[in-house]
Amino acid sequence: MNSVDSLLEILELKHLEENQFEGVSESVGSPNVFGGQVLAQALNAAYRTIHNNRVLHSLHAYFLEAGHLDYPIHYDVSIMRDGGSFSVRRVTASQNNQTIFILSASFHKTEEGYSHQIEMKPDMKQPEELMSWTDILNEYGSMLPSKTKAFLEIPRPVEFKPTYLPNPLDRKDLPPLADVWFKLKGDVGDMELAIKQQILTYISDYNILSVALQPHASKAHWGNLLTASLDHSMWFFREFDLNDWLLFSLETPSTGNARGFAKGNIFTRDGVLVASVAQEGLMRPIKKS
């Protein structure tokens, strides 16, 4: 899966019967189904039951069990409410009759109101000045740890460009902040907002838990931790264009009790705030036997 077309094929679900859908999975380097894929597929299912032109403004989800890459995922949508201004859907995802994920999503009719937003960080390095994950692999692949190299070799429909590149061989604690530019690969073209929101939801599960490891990087890394997304929330504010780079500006307010919490804001290149994201993930140290 290395282009927007292949991503769209994964996100578009098969319709089974009324309010029930089925999806397949694609590996992103993990032995389990990528959380962003389940989030986006569940949103696809929810949107398929919205027939009043309302637009997603928020979603809240819990990951209950690891998804198996070889089995289809069944999505069952419950229509919780269709009110005068808001519509709410609940989506349950299951494999082999076991619930693995639940999502609540709220959709709002278009209305006029007051508007403000926080500002993007000043003097942010532009994506043209930075190395992408692909550039890092091509330039330093022979010097990278084997697990890092294997992760970067996985084909992806998104290119990422972090504004800061830590040395993976230099184990030291890092600030609880990160900024990553991202852009889809391939010809994006014009898309309706519903599809763009599904794609942004998919991408939002990348990088977010990584920032929670940074303040503990002298000791903690992917090789000595059991990690998994536990919950994920997202709020959508404004229209956006997926043909250009977007910035995911991240921070981690807290880690503790084998959990890490991170949140972030997604901006357009010219500083328009598109969405906000929050996630808590498992960060359980692996005990040596």
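FYI, the numbering just counts along the sequence from 1.
- Counting only heavy atoms from C-beta outward, the side chains of Leu247 and Met124 approach each other to under 4.5 Å.
- Glu26 is linked by a salt bridge (Lys or Arg N to Asp or Glu O under 4.0 Å) to nothing, counting only residues two or more places apart in sequence or in another chain.
- Residues satisfying the salt bridge (Lys or Arg N to Asp or Glu O under 4.0 Å) criterion with Asp5, sequence neighbours excluded, are absent altogether.
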Let me have the donor-acceptor pairs involving side chains of residues 62-77, under 3.5 Å, with sequence neighbours excluded, atom names and distances please.
{"from": "His68", "atom 1": "ND1", "to": "Asp70", "atom 2": "N", "distance (Å)": "3.0"}
{"from": "His74", "atom 1": "NE2", "to": "Gln20", "atom 2": "OE1", "distance (Å)": "3.0"}
{"from": "Tyr75", "atom 1": "OH", "to": "Gln41", "atom 2": "OE1", "distance (Å)": "2.6"}

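- Every residue two or more places apart in sequence or in another chain that forms a salt bridge (Lys or Arg N to Asp or Glu O under 4.0 Å) with Asp244 is listed here: Arg269.
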Between side-chain atoms of residues 177-193 and protein atoms elsewhere (two or more places apart, or another chain), which donor-acceptor pairs fall under 3.5 Å?
{"from": "Asp179", "atom 1": "OD1", "to": "Lys121", "atom 2": "NZ", "distance (Å)": "3.3"}
{"from": "Asp179", "atom 1": "OD1", "to": "Ser249", "atom 2": "OG", "distance (Å)": "2.6"}
{"from": "Asp179", "atom 1": "OD2", "to": "Lys121", "atom 2": "NZ", "distance (Å)": "2.9"}
{"from": "Trp181", "atom 1": "NE1", "to": "Lys125", "atom 2": "O", "distance (Å)": "2.7"}
{"from": "Lys183", "atom 1": "NZ", "to": "Asn243", "atom 2": "O", "distance (Å)": "3.4"}
{"from": "Lys185", "atom 1": "NZ", "to": "Arg156", "atom 2": "O", "distance (Å)": "3.1"}

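- Salt bridge annotation for Lys161-Glu129: absent, with no cationic side-chain nitrogen under 4.0 angstrom from a carboxylate oxygen.
- Scanning for ring-ring contact (aromatic ring centres under 6.0 Å, His included) contacts around Phe240 gives an empty result, with sequence neighbours left out.
- For His221, there are no ring-ring contact (aromatic ring centres under 6.0 Å, His included) partners two or more places apart in sequence or in a different chain.
- Legend: residues meeting side-chain contact (heavy atoms from CB on, under 4.5 Å) with Ile208, ordered by chain and number and at least two apart, are Asp205, Phe248, Leu250, Ala262, Val277, Gln279.
- Of the possible polar contacts, one joining the Asp173 side chain to the Ser218 backbone as a donor-acceptor pair under 3.5 Å is found.
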Give every donor-acceptor pair under 3.5 Å between a side-chain atom in residues 102-112 and any protein atom, sequence neighbours left out.
{"from": "Ser106", "atom 1": "OG", "to": "His57", "atom 2": "NE2", "distance (Å)": "2.7"}
{"from": "His108", "atom 1": "NE2", "to": "Glu111", "atom 2": "OE2", "distance (Å)": "2.5"}

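- Sorted by first then second residue, the ring pair (Phe, Tyr, Trp, His ring centres under 6.0 Å) pairs that include residues 4-27, not counting sequence neighbours, are His15-Phe21.
- For Glu119, the salt bridge (Lys or Arg N to Asp or Glu O under 4.0 Å) criterion is met by no residue, not counting sequence neighbours.
- Phe160 is linked by a ring-ring contact (aromatic ring centres under 6.0 Å, His included) to Trp133, Tyr206, counting only residues two or more places apart in sequence or in another chain.
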